[in-house]
Structure formats: structure tokens, C-alpha cells
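Have a look at the structure below before the remarks.
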Number of protein chains: 2
Amino acid sequence: MFSQTVEYALRAVVHLADRSPSPRTTEQIAAATKVPRPYLSKVLQGLSRAGLVKSQRGIGGGITLAKSPETLTILEVVEAVEPLGRIKTCPLGLSAHGVNLCPLHKRLDNALAMVEDAFRATTLAEILAEPTTSVPLCAFPGGMRPAS
Amino acid sequence: MFSQTVEYALRAVVHLADRSPSPRTTEQIAAATKVPRPYLSKVLQGLSRAGLVKSQRGIGGGITLAKSPETLTILEVVEAVEPLGRIKTCPLGLSAHGVNLCPLHKRLDNALAMVEDAFRATTLAEILAEPTTSVPLCAFPGGMRPAS
DNA sequence: AATAAAATGGATCTTGACATCCATTTTGAG
DNA sequence: CTCAAAATGGATGTCAAGATCCATTTTATT
């Protein structure tokens, strides 16, 4: 249901938040998040155009978050790379009266709204702050940090 | 976020429920739901293999629901054509300990769970029963019925 | 038995998501 | 100034989703 690109973007941003405000190279992010390097490059370009990250060329450069982890929500990331697509008008194009959806699409949009709300309420800082509940947790983003 | 195929499948099933238990031809369903005829055919084949609808060849044949609208949920339809894809293990494949997701994926899966719950709680009968709240509603599935 | 209505299965086409590669540009460090 | 590190942009490749078409099979009606 969530595209691969969204997954990649979120991983990258979580990693950036984890190391914030240090710049990280595409290479480093790719290694830490297991995202294919060349494709990650494109995904980061998208995030850059959306203004969520800033990029710096040359030695010592890399990618940094454009906002603090406390204010950056995962909704912003999702919307930047692939909008949720809230349903605003009847997809059948019949008597398209904006506000009034048929019962079916009202339900579908309602589901999207729930997701949107949940994502809007979750900041990156929150994700990083989450106490690593149980022992053998996913090695990313908590747990031990691979060298630099 | 929801694929086109899911959208088509839901439209078709709502229409079938609306006319339940009469059989409807692919042609009729396509016309009523504005879904491209040939593609709808494939979608219905999927629903048929999943056991949600029954098909009858020949004159007087067509497609009918395999369950009553009261017991058929939109979750069943969605799962039949394109599973939600709940996240069960860390997508990074690291220390894959089933139950324990990292905070990021816990959030993502939680969103999926909300959608799943909402969809499981909604039957087709419920969608059809919904009082047509406001005047110019989407002409489908409520409103006037185009001739048989 | 013949016919017409209907679904089925297979082949094909198009498009966008995912992915890779490379030449170019920017930029800090020596 | 030169060099190497890094992002950028463009071109390309692959594959599945979305979509179409047609020959075949099933089946009710006459």
C-alpha cells in the first residue's frame, strides 16, 4: 500500500534525523538504510526539491534535514514523494459536487484521512525518542550505530 | 494510495450488491461503474478466483455476489485484488524478529492496521443503506438507476 | 441442432515505478 | 591551481499495472 519510494524516503529521513544536524552523503545513507545507492539519489533529489532536505556538493558535503526532527512529520515526507491522494470528488466524474462523496468513497477517503492524521501527528523526533522496547529490535534506526 | 484495480473492484461489488441477488453482465457492470469493459473483465476474474463472486456463462448469465451484502466487507474485496500489505517483519531484513518492528515501521503498520479495521467493519449492506445525505450526490450507487 | 449471449484465456500494448549508469558541475582541501 | 569528493541531470533498462483485443468455451433459447 505504501510505495517502495515512500519507504526509502522515510528510511533516509529517519537516518538524517538520527544524525541531525550533521550532513550525510548519499553513500552513507544508502549503507545505513539498505537502499540502492543510485535510486536513493533520485529520491533525495525529490526531497530536496520539496524543501525537506538541503544538499551540499563537494568535499564535506552531503544531505541535511532542512527542518528540525521535532517539527518534521512523516506526513510531510510522504506527501513530498507520493501524495496520499485524498478523494475530493467522485472518481466516476458524475455530478461532481466536490463535497458530496458517495458512501463508498466517503469510506475510502475516511481511511485516508485517518492515515493522514496519524502521519501528521508523528514527528521524526518522536520516532527517534521511542524507547527500544524489546531486546532484538530492528538494527535500524535504534540499536548500535555502524561506524560513521 | 489505493490502486486503480481496487477502486474498480469496489465499484463493481457495490453495484452487484445494489442489484443483489440478480446476476449482472460485465457489460452492465461496466456501464454502471464507468470501468473500462475489457479490464473490468479481468478484475472480475480475480474476484471470482477469490470466491467473492460467482460467474455464469451463456445467455441469462453474468456475475453475482457469492455472499450476502450483509456479510461481505470491503476488506475482503481489497484483500482479494490487492492485499494491504501489513508489515510483519523489518523491511531492512536486519535481525528479523517478526514481532519487533522499529519505531518507524511500527507507525506505518499501525496506519495499515487502522485502515484494515475500518474496512473490516464496513459491509456492503452498510454502504447501500447509507441515507443519501445531501442533494446532488454522486449518481452512483444511490440516486437514479439507469435502466436495467 | 442452430444461434446468440455471455464469460474465459491468451496475447499484446502502453505507461509509470523502480533501478542503474555516466558525464557534468560544484566545492573544499592541499 | 589542482585534485578528489560529492551532488546533479540525462539517458537507459526492466518489470508490473493498467488496458485492450480476439478466439474459444459454455449455455439458455428457439
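To find a chain, count down the sequence lines: A is the first, B the second, and so on, and within it residues start at 1. On a predicted model such as this, the values are computed, not experimentally measured, just so you know.
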Residue pair A/His105 / B/Glu7, side-chain donor-acceptor N/O under 3.5 Å: yes

Test side-chain contact (heavy atoms from CB on, under 4.5 Å) applied to A/Ile63 and A/Val13, A/Thr25, A/Leu40, A/Leu44, the passing residue: A/Leu44

Which is true for [X] with a 4.0 Å heavy-atom rule: it touches a base, it touches only sugar-phosphate, or it touches nothing?
{"X": "B/Pro36", "result": "sugar-phosphate"}
{"X": "B/Ser41", "result": "base"}
{"X": "B/Ser3", "result": "sugar-phosphate"}

Can you work out whether B/Lys42 or B/Glu27 has the more 5'-proximal nearest nucleotide on DNA chain C? B/Glu27

On DNA chain C, compare the nucleotides closest to A/Gln56 and A/Pro38; which residue's is nearer the 5' end? A/Pro38

Using a cut-off of less than 4.0 Å, is there contact between a side-chain N or O of [X] and OP1 or OP2 of [N]?
{"X": "B/Ser55", "N": "C/dA6", "result": "no"}
{"X": "B/Thr5", "N": "D/dA17", "result": "no"}
{"X": "A/Thr26", "N": "D/dA7", "result": "yes"}
{"X": "A/Tyr39", "N": "C/dT20", "result": "no"}

Start with the C-alpha gap between A/Glu76 and A/Arg120, add the side-chain angles, then the distance that decides, and say whether salt bridge (charged side-chain N to carboxylate O under 4.0 Å, His left out) holds. CA-CA 7 Å; A/Glu76 290 177 90; A/Arg120 180 168 27 238; over 6 Å; no

To the nearest angstrom, how far is [X] atom [atom1] from [N] atom [atom2]?
{"X": "A/Gln4", "N": "D/dA16", "atom1": "CD", "atom2": "C1'", "result": "13 Å"}
{"X": "A/Leu40", "N": "C/dA19", "atom1": "CG", "atom2": "C1'", "result": "12 Å"}
{"X": "A/Tyr8", "N": "C/dC18", "atom1": "OH", "atom2": "C1'", "result": "8 Å"}
{"X": "A/Gln45", "N": "C/dC18", "atom1": "CD", "atom2": "P", "result": "16 Å"}
{"X": "A/Glu82", "N": "C/dG16", "atom1": "CD", "atom2": "P", "result": "14 Å"}
{"X": "B/Ile59", "N": "D/dT30", "atom1": "CD1", "atom2": "P", "result": "8 Å"}
{"X": "A/Leu44", "N": "C/dT20", "atom1": "CG", "atom2": "P", "result": "14 Å"}
{"X": "B/Met1", "N": "C/dA17", "atom1": "CE", "atom2": "P", "result": "16 Å"}

Would B/Tyr8 and B/Ser3 satisfy side chain to side chain donor-acceptor pair (under 3.5 Å), going step by step from the backbone distance to the final call? CA-CA 9 Å; B/Tyr8 290 164; B/Ser3 75; over 6 Å; no

Tell me which of B/Arg57 and A/Ile63 sits closer to the 5' end of DNA chain D, going by the nucleotide each one is nearest to. A/Ile63

Closest approach of A/Gly85 and A/Leu112, non-hydrogen atoms and distance? O-CD1, 3.3 Å

